[in-house]
Amino acid sequence: MLHKNIVFALTAIMLAITPAVFAQVSKTPFSSKGIGDIYDMGFAHNRGMGGLGISNPSYWHLNNVNPALLPYNSLTVFSAAFIGENRTIENNLISETNGSGNMAYLAIAFPVKPGKWTTSVGLMPYSNVDYESVETIDVVGAVNGEKALKISSGTGGLNQFYWANGYAISKNIFIGARAAYIFSNIESDVAFDLLEQQSSFRRGQNQRISVSDFLFSGGVAFKKDSVFNNKIQLKLGLIYDFGSTLKAERFVSTEQRAFSTPVIRDSLEDIRGSIDIPQALGVGISFNKGTDWMIGLDARFQKWTDFKNFNGSNENLGDQIKIIFGGELTPEATSVTSYFKRVTYRFGLSYENTPYQIANADGQFNQVNDFGINLGWTMPVSRISNLDFAFTYGVRGNVDDTLIREQYFRFHLGVTFNDRWFIQRRYN
């Protein structure tokens, strides 16, 4: 009972410190592109391996990356996590550090028919937008070469509430599907200050895009109980996200501001439109020896060249490729003499060719690469529940090719609680 109370107390703390549903974590200039930084579906235990999870299931964690793996959750499982980030962004002239934290996800799964059919619902972010930039520009039509400060910023992002199901066709073949309701707002703002005029007034334009629609995805998984020898299992997985046209609404207003506070606001438009989200494909392979160890490889591809924003522009996004290599080790899951032998230790390396393309000093566009080193562990707090920790150090871009280099440190603190629910009592 004490262990259960610890899990529920940590979950309550996470909920209490969340000021809004999945707000921004930390600022990054790359989130100004498209619909912002896209989150993957991995939970804290996946993040300790760089997000690995397409083929490698867990009996004691919610299998969220590939819905086809949900039948491995034969108990009711509740998962929640907190995410924190610290980023350092630099170019040839300046360096800036910022950081924050927020709720990462809330999810629950329970078996409709244990070992055969498991269903899951969850709430988590889909994308994050949080950026701010300042640049000096020439005033159009000025006769004396006046210049102005252009201040651009964006906040918000999209959230998702999803329902997923996994079904075991046979002992070795599994299928799954997920329907996600995408909702929330992305706000962007542009303001101008004339450098030659000393005034507390500033003119700006604000844009809010509200999204409300569905995305669908599916997955398959396969396992072979004996390869190389009778102790090693082979597992394969595939996930596919269907491309979708999301319904959206845009509201634009111009503002006259005094000390950044609007004093005059004129509405320019409030129209309906859409945003095209491209299809995505992921494949994975893993090998494991029971619960002693596992090692795996995932590859994911998303065709962001097919993306269209509200204006019908691709925003010069490129196709995204991500490779993940990782694994986990549990020294002795049933040890009664050493607690740390029951701890599961994880590692992972990830390399991503992100969809963001940035022009360098020569005007040539280069795609931003992301390299991450991941570590994590799971600490059991009862026989079937645990605390999950994951840490990531990563680098995106470089000053020579993309003008901006971003170093980030990210951590996840997750809680996972397994129990038997909906069990019919029997009396002799």
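In what follows, residues are counted from 1 in the order of the sequence shown.
Side-chain contact of Asp388 with Thr416: a donor-acceptor pair under 3.5 Å is present, judged by distance alone. When only modelled atom types and interatomic distance are considered, Ser253 and Arg208 share no side-chain donor-acceptor pair under 3.5 Å. No side-chain N or O of Asn288 forms a donor-acceptor pair with one of Asn56 less than 3.5 Å apart. Side-chain atoms of Ser286 and Ser55 include a donor-acceptor pair closer than 3.5 Å. Between the side chains of Asp130 and Thr155, not a single donor N or O lies within less than 3.5 Å of an accepting N or O. If you check the side chains of Gln233 and Lys235, you find a donor sitting under 3.5 Å from an acceptor. Looking only at atom types and distance, the side chain of Asp419 has no donor-acceptor partner in the side chain of Thr76 under 3.5 Å away. Thr305 and Asp319 form a side-chain donor-acceptor contact under 3.5 Å, judged by distance and modelled atom types alone. With 3.5 Å as the limit, one finds no donor-acceptor pair spanning the side chains of Asp370 and Tyr356.
For Tyr59 and Tyr72, the ring centers sit closer than 6.0 Å to each other. Taking the six-membered ring for Trp and the full ring otherwise, Tyr39 and Tyr105 have centroids separated by 6.0 Å or more. Ring to ring, Phe391 and Tyr393 are not that close: their centroids are 6.0 angstrom or more apart.
Shown here for Ile271 and Phe310, the closest heavy-atom pair between the two residues is O-CZ, 3.7 Å. Taking every heavy atom of both residues into account, Val211 and Ala248 meet most closely at CG2-CB, 4.2 Å. Nearest heavy-atom pair across Pro67 and Gly218 is CG-C, 4.4 Å. Nearest approach of Ser217 to Asp241, heavy atoms of both residues: CB-OD1, 3.0 Å. When all heavy atoms of Phe174 and Ala68 are compared, the pair lying nearest together is CB-O, 3.2 Å. The two residues Pro71 and Ala168 have their closest heavy-atom pair at CG-N, 3.8 Å.
To the nearest 0.5 Å, the span separating CG on Leu297 from CZ on Phe325 amounts to 7.5 Å. Atom CG of Asn63 is separated from atom CZ of Phe43 by 10.0 Å, given to the nearest 0.5 angstrom. The structure places CG of Asp213 at 8.0 Å from OH of Tyr181, a figure rounded to the nearest 0.5 Å. To the nearest 0.5 angstrom, Phe287 atom CZ is 9.5 Å from Ile295 atom CD1. Between Lys33 atom NZ and Asn316 atom CG the span is 6.5 Å, to the nearest 0.5 Å. Between Asp401 atom CG and Gln367 atom CD the span is 12.0 Å, to the nearest 0.5 Å.
The neighbour count for Lys116 NZ, taken as heavy atoms of other residues, nucleotides or ligands under 6.0 Å away, is above 12. Residue Lys247 qualifies as open at atom NZ: its count of foreign heavy atoms under 6.0 Å is 12 or below.
Using cut-offs of 30° and 60° on the angle between ring planes, the pair Phe307 and Trp304 is tilted. Relative orientation of the Phe82 and Phe411 rings is tilted, given thresholds of 30° and 60° on the angle between their planes.
Between the Asn73 side chain and the His61 main chain, a donor and an acceptor come within less than 3.5 Å of each other. In this structure, the side chain of Asn309 engages the main chain of Asn311 through a donor-acceptor pair within 3.5 Å.
Using a 4.0 Å cut-off between charged side-chain N and carboxylate O, Arg47 and Asp40 make a salt bridge. Salt bridge Arg396/Asp37: present, at least one basic N to carboxylate O contact under 4.0 Å.
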What do the steps show when you test Tyr240 against Phe242 for ring-ring contact (aromatic ring centres under 6.0 Å, His included), and what is the final call? CA-CA 6 Å; Tyr240 180 75; Phe242 293 89; 4.8 Å; yes

Evaluation steps, side-chain contact (heavy atoms from CB on, under 4.5 Å), between Leu329 and Phe347: CA-CA 9 Å; Leu329 171 68; Phe347 73 94; over 6 Å; no

Margin query: I'd like to know whether Ile275 forms a side-chain contact (heavy atoms from CB on, under 4.5 Å) with Ile209, so could you lay out the CA-CA distance, the side-chain angles of the two residues, the decisive distance to 0.1 Å, and finally the verdict.
Written below: CA-CA 10 Å; Ile275 297 174; Ile209 294 179; 4.1 Å; yes

